[in-house]
Amino acid sequence: MKLLASVMEQVIKRNPNEPEFHQAVREVLESLEPVAEKHPEWMAAGIFDRIVEPERQIIFRVPWVDDSGKVQVNRGFRFQFNSAIGPYKGGIRLHPSVYSGIIKFLGFEQILKNSLTGLPMGGAKGGSDFDPKGKSDNEVMRFCQSFMFELARHIGPDTDVPAGDIGTGGREIGYMFGMYKKLRNEFTGVLTGKGLTWGGSLARTEATGYGLCYFMDEAMQTIKGKSFKGATVVISGSGNVAIYAAEKVFQLGGKVVALSDSNGYIYDPDGIKLPTIQQIKEVERKRISEYIKYHPKATYTEGCSGIWSIKCDIALPSATQNEIDEASAKKLVANGCFAVGEGANMPSTPEAIEVFLKAGVVFGPAKAANAGGVATSGLEMCQNSMRYSWTFEEVDAKLKDIMINIFKNSSAAAKAYGFGNNLVAGANIAGFEKVASAMFAQGITY
Ligand code: NDP
């Protein structure tokens, strides 16, 4: 890095001990060097220095009472990163690993991802170190209500529209929406991922997983003349993204042979039976190891990283950040894997990405490949504003168009700046250029 080295230095100095944020920024700045060269006016206007600093960082106490009557205290976050092209938008992560560095990395990525969708949405992220696992519905409700009690004063349908992420599904969005409505006395599209009877969009639940497959199908066909048809696919995770990615893979003629959760992974060479997974994970909220009770021919292995040693044509990491390291990437390549699509945010380490790019693997980076979720959230906002609902087929068709356009724009940007088929660089550049030109046009706002 030459022109942007000082931006990176400042990020490290200003955000010490936040390696995930450094990793996300470094990857983007490395791609943006030629953009900085081409646009001295953006350098002069401090666009690069400004985009890495959140516009606003809100950190708050979330007290709640557990079922035994004991007071619990969690920490809540909402980082409103960039509003150049629309109201802040991004999910809420509920997981014990949440701290400032995770929220910053996700919020920063969200700016470029939202820009790539072509819809008018700025970037934000929020969350808490609360762990919904093992909590009763009433405990989750009390936490969500307390979280929203504070968050409500910082968000609104034209200001900031949060959504789900790890640990925040339909149940949590429901409790948060109910509290917001009570506090504000207004029924408005302030959260996305809502239930279908109260403002949610059809196909939102499926959107990230389906969108990932639409993106990868287009990328594989264009770059390698290949598709999901007849392919063996390994997917990590068994949450919202993983389950619907698996459903779409089967619809497109592929076979998913492995899925995981944070304890371990299952391997079913005949193809994973998705209804069993949905019953275990979505209805009973149990561990994925239960699967082998229903399908004794399948195997369960404790620990997560071994999933990448299963032979496959296509890998879709859809659990969490940095789940594929260099060694796992090498195993995938050695076993003949020709495409990797990131369903999760930043699931591949920089070293792993290097391995994939060098081997000519079709690599769909998260901010492009998993943008279908937020794109459909944008469509949910649109329907809420119109007080109207599109059919599943209408939303799904728009989602598919958006994902194909994200691929085309990322691919065109990569080629225009001499990065060939490197979609990591292409997505960073295509997402950034739109936000940068909006920031430039709006001046240095105080
Ligand atoms: P869910 O909470 O529905 O599922 C997450 C899955 O990943 C679960 O199977 C979980 O296992 C597993 N997991 C979580 N943390 C870890 C960990 N540290 N190690 C191993 N496995 C882990 O989340 P989503 O499916 O919504 O999100 C998955 C990823 O996709 C995240 O990176 C998220 O940011 C990203 N994403 C999600 C979008 C969406 O629309 N939902 C949109 C764009 C990106 P367990 O059940 O044991 O917790």
Side-chain angles (χ1 to χ4, degrees), residues 86-87 89-92 110 113-114 116-121 157 161-178 180-181 186-218 228 235 237-252 256 274-275 277-279 281-283 316 318 341 343 368-407:
K89 177 100 197 86
I92 293 173
Q110 199 79 43
K113 181 187 306 194
N114 292 2
L116 282 170
T117 65
L119 300 171
M121 300 181 288
V161 183
D165 190 71
I166 290 180
T168 307
R171 174 181 62 168
E172 291 75 15
I173 293 288
Y175 294 148
M176 290 181 196
F177 182 78
Y180 182 89
K181 187 162 60 64
E186 56 186 36
F187 193 110
T188 177
V190 72
L191 288 157
T192 56
K194 299 187 289 299
L196 293 177
T197 52
W198 41 281
S201 173
L202 285 159
R204 173 59 187 95
T205 308
E206 294 83 355
T208 309
Y210 276 26
L212 171 66
C213 295
Y214 294 146
F215 180 94
M216 289 307 294
D217 213 40
E218 186 70 16
F228 280 103
I235 304 181
S238 48
N240 174 259
V241 180
I243 286 177
Y244 293 97
E247 185 171 279
K248 186 51 76 178
V249 168
F250 282 117
Q251 285 174 14
L252 294 173
V256 179
L274 272 185
I277 295 289
Q278 285 178 290
Q279 178 64 28
K281 298 301 288 186
E282 292 185 333
V283 180
L316 303 176
S318 302
N370 74 22
V374 74
T376 308
S377 281
L379 299 177
E380 182 173 331
M381 289 164 73
C382 195
Q383 293 168 84
N384 291 162
S385 298
M386 293 190 295
R387 305 247 189 275
Y388 187 70
S389 301
W390 290 317
T391 63
F392 186 97
E393 289 71 25
E394 284 173 308
V395 179
D396 192 34
K398 289 183 203 304
L399 168 66
K400 192 169 179 183
D401 270 0
I402 289 172
M403 297 314 295
I404 290 173
N405 274 330
I406 293 176
F407 169 71

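If you're wondering where the values come from, they're calculated on a predicted model, not measured in any experiment.
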For [X] and [Y], which heavy atoms make the closest approach, and how far apart are they?
{"X": "Leu316", "Y": "Ala245", "answer": "CD1-CB, 4.4 Å"}
{"X": "Asn114", "Y": "Met121", "answer": "CB-O, 3.4 Å"}
{"X": "Val161", "Y": "Thr192", "answer": "CG1-CG2, 4.0 Å"}
{"X": "Ile277", "Y": "Ser238", "answer": "CG2-CB, 4.5 Å"}
{"X": "Cys213", "Y": "Phe228", "answer": "O-CE1, 3.5 Å"}
{"X": "Ile92", "Y": "Pro162", "answer": "CD1-CB, 3.6 Å"}

Could you work out, with side chain to side chain donor-acceptor pair (under 3.5 Å) as the rule, every residue matching [X], not counting sequence neighbours?
{"X": "Tyr175", "result": "none"}
{"X": "Gln278", "result": "Tyr244, Glu282"}
{"X": "Asn405", "result": "none"}
{"X": "Lys281", "result": "Asp261"}

Just jot down the ring-ring contact (aromatic ring centres under 6.0 Å, His included) partners of Phe392, sequence neighbours excluded, or say none.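 Result, ring-ring contact (aromatic ring centres under 6.0 Å, His included) vs Phe392: none returned.
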Using the test side-chain contact (heavy atoms from CB on, under 4.5 Å), find all partners of Pro157 that sit at least two apart in sequence or belong to another chain.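 With neighbours one apart ignored, the set is Tyr180, Thr188, Val190.
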Please name all residues satisfying salt bridge (Lys or Arg N to Asp or Glu O under 4.0 Å) with [X], sequence neighbours left out, ordered by chain then number.
{"X": "Lys400", "result": "none"}
{"X": "Asp165", "result": "Arg93, Lys125"}
{"X": "Glu172", "result": "none"}
{"X": "Lys194", "result": "Glu380"}

Tell me, which pairs form a salt bridge (Lys or Arg N to Asp or Glu O under 4.0 Å) where one or both residues lie in residues 385-398, sequence neighbours left out?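 Qualifying pairs, neighbours excluded: none.
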Give a yes-or-no answer on whether the side chains of Lys248 and Gln251 include a donor-acceptor pair shorter than 3.5 Å.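 Their side chains do contain a donor-acceptor pair, which is all the 3.5 Å distance test asks for.
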Worked check of side-chain contact (heavy atoms from CB on, under 4.5 Å) between Thr117 and Val374: CA-CA 8 Å; Thr117 65; Val374 74; 3.9 Å; yes
Name every donor-acceptor pair, under 3.5 Å, that has one atom in a side chain of residues 196-204 and the other anywhere in the protein, sequence neighbours excluded.
residue	atom	partner	partner atom	Å
Ser201	OG	Gln383	NE2	2.9
Arg204	NE	Gly373	O	3.3
Arg204	NE	Ser377	OG	2.9

Please confirm whether the ring centroid of Phe177 lies under 6.0 Å from the ring centroid of Phe187.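 Yes, they do, as the ring centres are separated by less than 6.0 Å.
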Mind checking the OG1-CG spacing from Thr376 to Leu399? Nearest 0.5 Å is all I need.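 The CG atom of Leu399 is 4.5 Å from OG1 of Thr376, to the nearest 0.5 Å.
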